[in-house]
Number of protein chains: 2
Amino acid sequence: MRDVPFARRPITINPVNSPTPGQCGDCGARHIGLCDALTDEDLGFLARVAQRVVISAGKTFIDEGTTANHFYDITQGDVRVFKSLADGRRQITGFMGVGHFIGLAVSGQYAFSAEAITDVKLCRFDRGPLLEVFAEFPALERKLLDVATHEMVIAQEQMLLLGRKTAIERVSSFLISWSERSDPYPDGTSKTSTVNLSLPMSRTDLADYLGLTTETVSRSFSQLKRDGLISFTDVHEVTLLKPQRVAALTAGEQ
Amino acid sequence: MRDVPFARRPITINPVNSPTPGQCGDCGARHIGLCDALTDEDLGFLARVAQRVVISAGKTFIDEGTTANHFYDITQGDVRVFKSLADGRRQITGFMGVGHFIGLAVSGQYAFSAEAITDVKLCRFDRGPLLEVFAEFPALERKLLDVATHEMVIAQEQMLLLGRKTAIERVSSFLISWSERSDPYPDGTSKTSTVNLSLPMSRTDLADYLGLTTETVSRSFSQLKRDGLISFTDVHEVTLLKPQRVAALTAGEQ
DNA sequence: AGCCGTCGTTGATCTCAATCAACGGCCGCA
DNA sequence: TGCGGCCGTTGATTGAGATCAACGACGGCT
């Protein structure tokens, strides 16, 4: 692992689809993704190694085991990240939304696959040039470390879920964490009112995320409905009628 | 998240137990842990914010939910990192050995606990001063990012195990990954000879790591013994008699 | 040396979630 | 408008691993 010199050096500029800093200003992920670590001024350097990419729902854009040539920042839509076994068993390790950064890899290969759940827009960075930008802007590397650390916390939480929670606890935990994802005030006023959530992923996705089968996910939802804790307006639109009682079912970490 | 200025500034020096660079040279983790990112010369700066700590087997030295005041580098022994539920259920998220770095945290609190499996020696860094050292040596931050990225890969692998593998696959996967941990040539000559492993952790630890019960771990080991794939000289000393056949049972990732 | 507590193994039984099966609703398409 | 495939739900049955139980080996202690 050789050091990258600190002095500025010429950066490969890809003229195709390169967003200008101005375009970045319009970006949905401008103030939540990687880009939040830079000023509008410095963002230009990042923009020069970026390309906008559109992926339609269901398409794979990262394949486990292939060479890791790119980093991605999601600017629109939702993505599932997963690993598979040879016989087809699949474990979704995370659902990623706007602002999420994907593509950290060791030994040059992706250790996971990624697919668009909805239609997705991505900001794609070429690995080599981006690493050079990192060398110039340590703030980016720090941001990336924050991202990685946060992902690690989520991953540990998920291991606890997969290793030790019951079906109903898993589904409840998912509902609560999914509601917190879009909640601007995480541990603000304790949730007494109802919460509306949209679930872009399929029941199969949920099952593969929670280490269950679709049938068990469905039965758990039905039980929560029967107990008056949630209701569905549509298969992909759930309302938490009693968020606190759902939270109580997650076997909340001490 | 305010920026840490780049210019060198005075660093708090703790005169108690501070290892000198010379002492670092003797350290078992000198060339594998965080310290590997620095030259002997620069290591002095790191050493000034470090303390040597000894933890006896079974003792907890990081408590989930407490303020994250320290980073740790393991210089001797093995550690279990875990999360617990209020009712006592426990998920071990990793076994950490010499050279492993522990303590990355978000929002200032540890999201996990850590206990010594064997007697353990640690190099402890105070958080504040260490962050200042990071600002001076970006190589450290990069190293940390590498560490975090690698941990993430392991965590995803473990989620696949916990969510989708059978008991025998989990135990086999553990044996193989544990054998690779100390293997200096990971994908070198395919393992045809036998491999001796020492398992410092208890069956309960293994169960809590693999999302099983001690009974199931024990039964899986017994089955592997019955099939002539492994043998035990002692409860904590296993020999892989047919490493390739054990590997075949892990449902190897494609 | 003898005692006690912990740890690991094995057997018997139980249970939660998986599997197998059927069906209704929805959507895209002819 | 009718058809076919996919998705989600619900019911019946099965099964892998948990739970309950017993016991032997070991190690620390007096």
Side-chain angles (χ1 to χ4, degrees), chain A residues 56-58 80 85 87-92 117-118 161-175 198-227 230-238 249 251, chain B residues 56-58 80 85 87-92 115 117-119 161-175 198-227 230-238 249 251:
Chain A
S56 53
R80 56 179 170 251
L85 294 173
D87 61 9
R89 279 175 286 174
R90 183 179 73 151
Q91 179 64 40
I92 292 181
I117 292 177
T118 60
L161 179 149
L162 293 169
R164 289 299 181 221
K165 291 191 180 180
T166 65
I168 198 76
E169 287 170 348
R170 294 181 199 209
V171 171
S172 301
S173 297
F174 166 75
L175 288 174
S198 95
L199 311 178
M201 70 292 288
S202 69
R203 296 295 192 261
T204 304
D205 285 343
L206 271 177
D208 285 347
Y209 179 59
L210 298 175
L212 301 169
T213 58
T214 57
E215 293 94 329
T216 299
V217 170
S218 187
R219 276 186 249 271
S220 300
F221 276 146
S222 297
Q223 184 181 327
L224 292 174
K225 276 191 287 186
R226 232 177 298 121
D227 296 348
I230 66 172
S231 70
F232 282 91
T233 54
D234 175 86
V235 190
H236 294 285
E237 295 292 329
V238 66
L249 290 178
Chain B
S56 53
R80 57 179 169 250
L85 294 173
D87 61 10
R89 280 175 287 173
R90 184 179 72 153
Q91 179 64 41
I92 292 180
E115 290 176 356
I117 292 177
T118 60
D119 286 348
L161 179 149
L162 292 170
R164 289 300 180 219
K165 291 192 181 180
T166 65
I168 199 76
E169 287 170 347
R170 294 181 197 208
V171 171
S172 301
S173 297
F174 166 76
L175 287 174
S198 95
L199 310 177
M201 71 292 288
S202 69
R203 295 296 192 261
T204 303
D205 285 343
L206 272 177
D208 286 347
Y209 180 59
L210 298 175
L212 301 169
T213 58
T214 56
E215 292 95 329
T216 300
V217 170
S218 187
R219 277 186 249 270
S220 300
F221 276 144
S222 297
Q223 184 182 325
L224 292 174
K225 276 190 289 184
R226 231 177 298 121
D227 296 347
I230 66 172
S231 70
F232 282 91
T233 53
D234 174 85
V235 190
H236 294 285
E237 295 292 329
V238 67
L249 290 178

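Note on naming: letters A, B, ... go to the chains in the order of the sequence lines (proteins, then strands), and numbering restarts at 1 for each one.
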Once you round it to whole Å, what is the distance between C1' of dG8(D) and CG of Leu224(A)?
16 Å
Roughly what angle, to 10°, lies between the helix axis at the start of the helix from dA1(C)-dT30(D) to dA30(C)-dT1(D) and the one at its end, five pairs per end?
40°
Roughly, in whole Å, what's the span from CZ in Phe232(A) to C1' in dC7(D)?
14 Å
Could you write out each protein N or O paired with an N or O of nucleotides 17-20 of chain C at a distance under 3.5 Å?
unit_1: dA17(C); atom_1: OP1; unit_2: Ala167(A); atom_2: N; d: 2.8
unit_1: dA18(C); atom_1: OP2; unit_2: Thr213(A); atom_2: N; d: 3.4
unit_1: dA18(C); atom_1: OP2; unit_2: Thr213(A); atom_2: OG1; d: 3.1
unit_1: dA18(C); atom_1: OP2; unit_2: Thr216(A); atom_2: OG1; d: 2.3
unit_1: dT19(C); atom_1: O4; unit_2: Arg219(A); atom_2: NH2; d: 2.8
unit_1: dC20(C); atom_1: N4; unit_2: Glu215(A); atom_2: OE2; d: 3.1

Asp205(A) vs Arg90(A) side-chain heavy atoms within contact, under 4.5 Å:
yes
Please tabulate, one pair per line, each protein N/O and nucleotide N/O from nucleotides 13-15 of chain C that are separated by under 3.5 Å, including the distance.
none

Could you check whether any side-chain heavy atom of Phe221(B) comes within less than 4.5 Å of a side-chain heavy atom of Leu206(B), counting everything from C-beta outward?
yes
Spacing between Asp234(B) atom CG and dC26(D) atom C1', to the nearest angstrom
10 Å
Here the distance between atom C1' of dT9(D) and atom CG of Leu199(A), to the nearest Å, is 16 Å
Whole-Å distance, Gln223(B) CD to dA16(D) P, equals 11 Å
Which atom pair, heavy atoms only, marks the closest approach of Val217(B) to Ala207(B)?
CG2-CA, 3.8 Å
Using a 4.5 Å cut-off on heavy atoms from C-beta on, say whether the side chain of Tyr209(B) contacts that of Met201(B).
no
Taking C-beta and beyond as the side chain, do Leu162(B) and Gln91(B) meet within less than 4.5 Å on heavy atoms?
yes
Euclidean distance, atom NZ of residue Lys225(A) to atom P of dG8(D) [Å, nearest integer]:
12 Å
Rounded to whole Å, the CZ-P distance (Arg89(B) to dA18(D)) equals 13 Å
Main-chain N/O of Thr166(B) paired with Glu169(B) side-chain donor or acceptor, under 3.5 Å
yes
Are Lys165(B) and Leu249(B) packed together at the side-chain level, in the sense that at least one heavy-atom pair is separated by less than 4.5 angstrom?
no
If I take atom CE in residue Met201(A) and atom P in nucleotide dC7(D), what distance separates them, rounded to the nearest angstrom?
15 Å
Phe174(B) versus Leu199(B): any side-chain heavy-atom pair under 4.5 Å?
yes
Answer yes or no: is there a donor N or O on one side and an acceptor on the other, between the side chain of Ser218(B) and the main chain of Thr214(B), under 3.5 Å?
no
Side-chain touch Thr216(A)/Val171(A), heavy atoms, less than 4.5 angstrom
no
Is there a side-chain contact between Asp208(B) and Arg164(A) in this structure, where contact means two heavy atoms from C-beta onward sitting under 4.5 Å apart?
yes
